[in-house]
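Given the structure is predicted, the values throughout are model-derived calculations rather than measurements. Note that the numbering runs from 1 along the sequence shown for the chain. Only this structure's heavy atoms are used, side chains among them; waters, hydrogens and symmetry mates stay out.
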Amino acid sequence: YASDIFSLGLIIVSILESNHKQRANNILTFSNYSAFKDGIIRTMNDISMLSFIPVNLKPLLDRILNIDNSFRPICNEISASSWLNDPFLQTIKYLDSLSEKEMSQQQTFLKGLQNIILKFEERVLKSRILPTILKYVSYDQLSSLILSCLFVLMECPEKISKIEFNEMIWPGFKLLAERKEIPAQSLFLIVKNIQLLLNYMSTEELQQSIKTLVLKCYECKVPKLQEL
């Protein structure tokens with residue numbers, strides 16, 4: 001509905017305005033209806049003059065907050081705007097549709113994710129990214145790429161705590177480690193990073209699941225794994 005689009009515009013302005021020091025009151029925090037209405041009217045009239053609103057957002061926001069609802073954009077127009085063409089937002093968007101992509105596209109995406117995973121906010125990492133990629137950790141063609149992402153993350157203890165590791169990541173690790181067969185590259189990554197894993201769990205706990213992997217390294221005919 002057009003009224004929902006207008007409300008979205010007010011929320012966007014309020015969020016952008018919240019860290020701006022020049023305006024004493026946020027438009028969504030006035031204590032009475034009259035002041036709230038006046039704040040909305042001022043905002044609608046001053047969009048082009050508000051310095052805290054990105055330049056590439058102003059034309060779109062001007063339409064969103066137009067008093068004539070026939071001029072307001074629809075959701076598809078908003079999502080396609082240049083303001084939302086942010087690489088991190090695009091990553092989340094792609095992640096949401098990952099199951100619909102071809103295997104080669106999934107692999108390319110996960111390779112790229114390794115390079116930017118540390119740049120995401122912790123809330124986004126833990127609520128969106130980790131739960132989604134861990135769904136694919138048992139896929140032979142994707143497991144090593146997902147493990148690479150996880151090990152990059154684990155190298156920064158400020159990003160993931162021991163408790164969070166054991167609650168969110170370890171179940172997927174364990175499921176992969178205890179499989180009868182495991183892709184060679186995934187096996188290599190786990191064994192290579194055992195010391196890193198020890199930073200997040202006890203030696204005894206790790207041994208229960210990892211010792212079988214070490215045996216697999218000796219049993220396989222891959223020299224790189226036997227050297228480990």
Q: For side-chain contact (heavy atoms from CB on, under 4.5 Å), just list the numbers for F109 and L95, CA-CA rounded to whole Å, side-chain angles, deciding distance to a tenth of an Å, and then say yes or no.
A: CA-CA 9 Å; F109 172 79; L95 193 64; 3.5 Å; yes
Q: Answer with yes or no whether the hydrophobic clustering places I163 together with I169; edges join I, L, V, M, F, W, Y residues whose side-chain heavy atoms lie under 4.5 Å apart.
A: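 Result: no, two separate clusters.
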Q: What closest approach, in Å, do P171 and N166 show between heavy atoms, and which atom pair accounts for it?
A: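 Scanning both residues, the minimum pair turns out to be CD-O, 3.4 Å.
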Q: Taking salt bridge (charged side-chain N to carboxylate O under 4.0 Å, His left out) as the definition, give me every residue that meets it alongside R63, ordered by chain and number, with sequence neighbours left out.
A: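 R63 satisfies salt bridge (charged side-chain N to carboxylate O under 4.0 Å, His left out) with E77 only.
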Q: Tell me the side-chain hydrogen bond (donor to acceptor under 3.5 Å, both in side chains) pairs involving residues 92-107, sequence neighbours left out?
A: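 For residues 92-107: D96-R128.
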Q: Can you list, pair by pair, the side-chain donor-acceptor contacts under 3.5 Å of residues 142-153, counting residues two or more places apart and other chains?
A:
| residue | atom | partner | partner atom | Å |
| --- | --- | --- | --- | --- |
| S143 | OG | S186 | OG | 2.5 |
| S148 | OG | S144 | O | 2.9 |

Q: Going by salt bridge (charged side-chain N to carboxylate O under 4.0 Å, His left out), name the pairs with one or both residues in residues 142-167, residues two or more places apart or in two chains.
A: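 Every pair satisfying salt bridge (charged side-chain N to carboxylate O under 4.0 Å, His left out) with a residue in residues 142-167: K126-E164.
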Q: Check the hydrophobic clustering (I, L, V, M, F, W, Y; side-chain heavy atoms under 4.5 Å; chains of links allowed) and say if Y200 and L175 are grouped together.
A: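 Cluster IDs for Y200 and L175 differ.
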Q: To the nearest 0.5 Å, what is the distance between OG1 on T108 and CE on M103?
A: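 Reported value, rounded in 0.5 Å steps: 11.5 Å.
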Q: So, taking the atom named SG in C75 and the one named CG in L8, what distance separates them when rounded to the nearest 0.5 Å?
A: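 It comes to 7.5 Å.
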Q: Quick check for you: to the nearest 0.5 Å, what is the distance between R72 atom CZ and L60 atom CG?
A: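 Nearest 0.5 Å value for the CZ-CG distance: 13.0 Å.
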Q: Find the distance between CD1 (I133) and OH (Y139) and round it off to the nearest 0.5 Å.
A: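 The CD1 atom of I133 sits 14.0 Å away from the OH atom of Y139.
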Q: Can you check side-chain contact (heavy atoms from CB on, under 4.5 Å) on M154 and L197, steps first, answer last?
A: CA-CA 8 Å; M154 290 165 62; L197 286 166; 3.7 Å; yes
Q: Is there a side-chain contact between L65 and I5, using heavy atoms and a 4.5 Å cut-off?
A: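 L65 does not reach I5 side chain to side chain.
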Q: Atom CG in L176, atom CG in L189: separation rounded to 0.5 Å?
A: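 Result: 10.0 Å between the selected atoms.
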Q: Under a single-linkage definition using a 4.5 Å side-chain heavy-atom cutoff for Ile, Leu, Val, Met, Phe, Trp and Tyr, are I116 and L130 assigned to the same hydrophobic cluster?
A: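 As far as the 4.5 Å side-chain criterion goes, L130 and I116 are connected within one cluster.
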Q: Take Y136 and L98 through the side-chain contact (heavy atoms from CB on, under 4.5 Å) test and state the conclusion after the steps.
A: CA-CA 10 Å; Y136 301 89; L98 193 61; 3.9 Å; yes
Q: Hey, could you give me the CG/CG distance between N66 and L61, rounded to the nearest 0.5 Å?
A: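 Separation between the atoms: 11.0 Å.
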Q: Would a hydrophobic clustering, with Ile, Leu, Val, Met, Phe, Trp and Tyr connected at side-chain separations under 4.5 Å, put I67 with I74?
A: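 They do not share one cluster, since no chain of ILVMFWY contacts under 4.5 Å joins I67 to I74.
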Q: Could I get the full list of ring pair (Phe, Tyr, Trp, His ring centres under 6.0 Å) partners for F6, not counting sequence neighbours?
A: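 Scan of F6 (ring pair (Phe, Tyr, Trp, His ring centres under 6.0 Å), adjacent residues dropped) gives none.
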Q: Run I129 and I92 through side-chain contact (heavy atoms from CB on, under 4.5 Å) and show every step you take.
A: CA-CA 8 Å; I129 296 177; I92 296 298; 4.0 Å; yes
Q: For F88, what residues pass the ring pair (Phe, Tyr, Trp, His ring centres under 6.0 Å) criterion, not counting sequence neighbours?
A: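 With neighbours one apart ignored, the set is F120.
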Q: Going by heavy atoms in the side chains, are I64 and P73 under 4.5 Å from each other?
A: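 In contact.
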Q: For the hydrophobic clusters of this structure (ILVMFWY residues joined by side-chain heavy atoms under 4.5 Å, transitively), does one cluster hold both L89 and I78?
A: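 Result: yes, single cluster for both.
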